[in-house]
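Per chain, numbering begins at 1; letters A, B, ... match sequence-line order.
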Number of protein chains: 2
Amino acid sequence: MANKSCIIRLSRYRNALMRLKALNFVKVFSENLADAARVTAAQVRKDFSLFGISGNRRGGYLVEELLEQINRVLGKDKLQKFIVVGVGNIGRALLNYPGFKKNEIELVAGFDIDASKHNREAEVPIFLLEELNDFVKDNGIKFGIISVPDFAAQQILELMIQTGIRGILNFAPICLKEPEDCVIRNLNFETELENIIYFTNVTEKTEVR
Amino acid sequence: MANKSCIIRLSRYRNALMRLKALNFVKVFSENLADAARVTAAQVRKDFSLFGISGNRRGGYLVEELLEQINRVLGKDKLQKFIVVGVGNIGRALLNYPGFKKNEIELVAGFDIDASKHNREAEVPIFLLEELNDFVKDNGIKFGIISVPDFAAQQILELMIQTGIRGILNFAPICLKEPEDCVIRNLNFETELENIIYFTNVTEKTEVR
DNA sequence: CTATTTATGTGAAAAATATCACAAAAGACT
DNA sequence: AGTCTTTTGTGATATTTTTCACATAAATAG
Ligand SMILES: NC(=O)c1ccc[n+]([C@@H]2O[C@H](COP(=O)([O-])OP(=O)(O)OC[C@H]3O[C@@H](n4cnc5c(N)ncnc54)[C@H](O)[C@@H]3O)[C@@H](O)[C@H]2O)c1
Ligand SMILES: NC(=O)c1ccc[n+]([C@@H]2O[C@H](COP(=O)([O-])OP(=O)(O)OC[C@H]3O[C@@H](n4cnc5c(N)ncnc54)[C@H](O)[C@@H]3O)[C@@H](O)[C@H]2O)c1
């Protein structure tokens with residue numbers, strides 16, 4: 001089975017292809033995609049090979065066709081709906097972001113315990129947490145985003161699982177455990193910053209060669 | 001040299017240790033840290049071994065001491081200052097987040113081309129983009145965050161490099177290339193969501209075993 | 001129509017990363 | 001003081017991931 005980094009790369013190829021398409025490009029070479037995704041050309045071709053995606057020898061790949069094939073792999077052939085729990089700074093930023101819609105991702109509703117965030121008339125409605133269960137079940141939602149404070153994250157995870165959510169992006173700085181039948185990706189900005197700090201310092205020291 | 005995932009894990013161990021410390025725990029075992037970071041105990045010990053971090057056979061590790069050692073590795077023994085370019089939804093969320101301060105990370109200023117975002121009296125001041133160069137040089141800032149729209153990202157990267165910034169977290173959905181002497185981490189929410197969509201669908205299909 | 005060029009597709013090789021498994025150290029118990 | 005128990009620390013081993021390198025197919029040119 002494909003691994004996580006492989007799928008990240010597919011997303012990046014896709015991103016590049018969308019831009020090329022917008023510029024009316026017809027063909028693209030593994031070399032080009034490699035540049036866009038910051039990997040080697042061999043990696044690009046190997047990734048495609050894994051999913052049986054093929055181009056034309058000598059002619060490279062047709063942008064339109066390749067995009068379609070990647071879309072199929074990534075489940076972008078249909079709109080994917082997410083709900084957001086925790087409508088604070090991050091939650092709001094996500095709900096306001098217009099870029100998702102262009103990519104077959106839709107954040108359909110927000111949920112919060114704070115009644116002052118409640119607004120069922122908004123373009124993307126914000127409901128009370130108690131309404132989560134019914135909403136998810138009625139609308140067959142499979143995906144959720146956790147953007148509540150750390151101490152509430154585990155509890156929200158359990159609630160989401162109960163309602164039937166199967167894939168979660170977690171912004172709380174707690175490493176949530178993947179239950180049996182659910183995929184979780186923990187994103188921690190602080191960890192990202194610490195990574196940058198470490199590698200910046202290391203390369204500075206290493207440079208004295 | 002340590003790799004990226006290894007440093008991510010160190011951050012996670014650190015996060016867990018901070019919580020244990022707050023609860024007045026004195027000792028911790030590799031098994032405990034493994035649980036917190038969702039890895040194996042052998043991995044934890046191997047990671048420590050790589051940095052010459054050692055505990056007491058039989059006695060595990062002393063929380064306080066271990067924390068200090070990890071802090072040293074991660075550069076958390078002194079405050080690390082970041083600037084943020086692009087004070088929109090994401091930029092604002094970051095600048096408002098109080099959690100960074102507790103972890104020796106400080107976002108010291110924001111910069112934006114939009115004059116209406118400008119506010120040099122705010123707790124964290126927001127300056128005009130033109131002021132970036134002097135500010136970074138005068139204050140010896142090494143780290144930056146890019147949270148401008150995708151079309152502006154490359155240009156901001158180049159500007160940051162010129163001013164002397166050496167480590168960057170990029171939120172724009174463009175895979176920026178690492179220049180020679182600079183570390184860049186590209187974070188793309190859409191890619192993260194696509195990852196979740198893919199693996200949720202795959203595990204659903206795989207489950208029919 | 002044949003030769004040449006060029007980019008793909010993919011096994012084989014190499015490199016990177018994670019796991020195993022167990023000797024060694026140190027506290028606990030008698 | 002000696003034995004037992006438990007957990008670390010780390011070479012050896014296994015697995016995963018990436019890169020290499022080249023045969024193969026298609027397009028172009030002569
Ligand atoms: N803002 C940042 O830049 C940033 C940086 C790093 C990490 N994070 C993490 O991301 C998460 C969200 O951050 P934020 O800045 O948006 O926080 P925030 O405090 O602005 O918003 C949190 C929201 O969650 C709601 N909430 C609290 N408990 C809830 C519950 N049980 N159920 C439903 N809603 C609940 C609150 O009412 C609030 O609206 C936090 O875990 C934070 O640690 C944020
Ligand atoms: N908000 C989200 O949830 C989300 C999700 C995915 C990706 N992103 C990406 O993160 C980045 C920031 O998103 P956002 O929602 O905060 O956008 P935003 O539009 O709210 O804010 C962008 C800010 O950048 C400023 N800006 C524009 N050009 C600039 C320049 N050349 N120099 C300095 N400032 C400049 C604008 O004035 C604005 O204040 C974007 O690249 C976006 O694609 C955001």
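- As a whole-Å value, the separation of B:Leu66 CG from D:dT7 C1' is 14 Å.
- Among residue pairs with one or both ends in residues 169-194 of chain A, those qualifying as ring pair (Phe, Tyr, Trp, His ring centres under 6.0 Å) are A:Phe171-A:Phe189, A:Phe171-B:Phe189, A:Phe189-B:Phe171; sequence neighbours excluded.
- At a cut-off of 3.5 Å, with distance as the only test, no side-chain donor of B:Lys27 or B:Asn56 sits close to an acceptor on the other residue.
- Residues meeting the ring pair (Phe, Tyr, Trp, His ring centres under 6.0 Å) test with A:Phe199, sequence neighbours left out: none.
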| task | Dot-bracket notation for DNA chain D is requested: 5' to 3', Watson-Crick or G-U wobble pairs only, both distances under 3.5 Å, with ( ), [ ], | and . as defined. | result | ||||||||||||||||||||||||||||||
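- Residues passing the side-chain contact (heavy atoms from CB on, under 4.5 Å) test with B:Val124 are B:Leu95, sequence neighbours excluded.
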| note | For nucleotides 13-22 of chain D, 5' to 3', base contacts (B), sugar-phosphate-only contacts (S) and non-contacts (-) with protein non-hydrogen atoms under 4.0 Å give ----SSB-B-
| message | B:Asn201 vs A:Lys142, test: side chain to side chain contact (heavy atoms under 4.5 Å, CB included). Steps then yes/no. | response | CA-CA 10 Å; B:Asn201 289 337; A:Lys142 268 202 317 203; 3.1 Å; yes
What N/O pairs connect the protein and nucleotides 25-27 of chain D at under 3.5 Å? Give each pair on its own line.
from   : atom 1 : to      : atom 2 : distance (Å)
D:dA25 : O4'    : A:Arg57 : NE     : 3.4
D:dA27 : N3     : A:Arg58 : NH1    : 3.2

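- Scored by the side-chain hydrogen bond (donor to acceptor under 3.5 Å, both in side chains) test, A:Asn188 finds A:Thr191 as partners (sequence neighbours excluded).
- Minimum interatomic distance between A:Ile7 and A:Ala2 (heavy atoms only, all atoms of both residues): CD1-CB, 4.1 Å.
- Atom CG in B:Leu33 sits about 14 Å away from atom P in D:dT7, given to the nearest Å.
- If you check every strand for non-hydrogen atoms under 4.0 Å, A:Tyr61 touches sugar and phosphate atoms only.
- Using a 4.0 Å cut-off on heavy atoms, none of the residues of residues 16-25 of chain A approach DNA chain C.
- With hydrogens and angles disregarded, no donor-acceptor distance shorter than 3.5 Å links the side chain of A:Arg185 to the backbone of B:Glu192.
- For DNA chain C, the contact window with chain A, defined by any atom under 4.0 Å from a protein heavy atom, covers C:dT5 to C:dA12 in 5' to 3' order.
- Between the side chain of B:Asp77 and the main chain of B:Arg72, no donor-acceptor pair closer than 3.5 Å is present.
- The CG atom of B:Leu10 sits 5.5 Å away from the CD1 atom of B:Ile70 when rounded to the nearest 0.5 Å.
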Show the atom names and distances, to 0.1 Å, of all donor-acceptor pairs under 3.5 Å that link a side chain in residues 103-114 of chain B to residues at least two apart or in another chain.
from     : atom 1 : to       : atom 2 : distance (Å)
B:Asn103 : OD1    : B:Arg14  : NH1    : 3.1
B:Asn103 : OD1    : B:Arg14  : NH2    : 3.4
B:Asn103 : ND2    : A:Glu190 : OE2    : 2.3
B:Asn103 : ND2    : B:Gly99  : O      : 3.2
B:Asp112 : OD1    : B:Asp114 : N      : 2.9
B:Asp112 : OD2    : B:Val87  : N      : 2.7
B:Asp114 : OD1    : B:Ser116 : N      : 2.9
B:Asp114 : OD1    : B:Ser116 : OG     : 2.9
B:Asp114 : OD2    : B:Ser116 : OG     : 3.1

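- Of all the heavy atoms in B:Gly86 and B:Val148, the pair that sits closest is CA-CG1, 3.6 Å.
- Listed by first then second residue, pairs satisfying ring pair (Phe, Tyr, Trp, His ring centres under 6.0 Å) with a partner in residues 6-42 of chain B read B:Tyr13-B:Phe48, not counting sequence neighbours.
- Considering B:Lys4, B:Arg12, B:Lys76 in turn, B:Lys76 is the only one that fulfils the salt bridge (charged side-chain N to carboxylate O under 4.0 Å, His left out) rule with A:Glu194.
- Applying the ring pair (Phe, Tyr, Trp, His ring centres under 6.0 Å) rule to pairs touching residues 139-162 of chain A yields A:Phe82-A:Phe143, sequence neighbours excluded.
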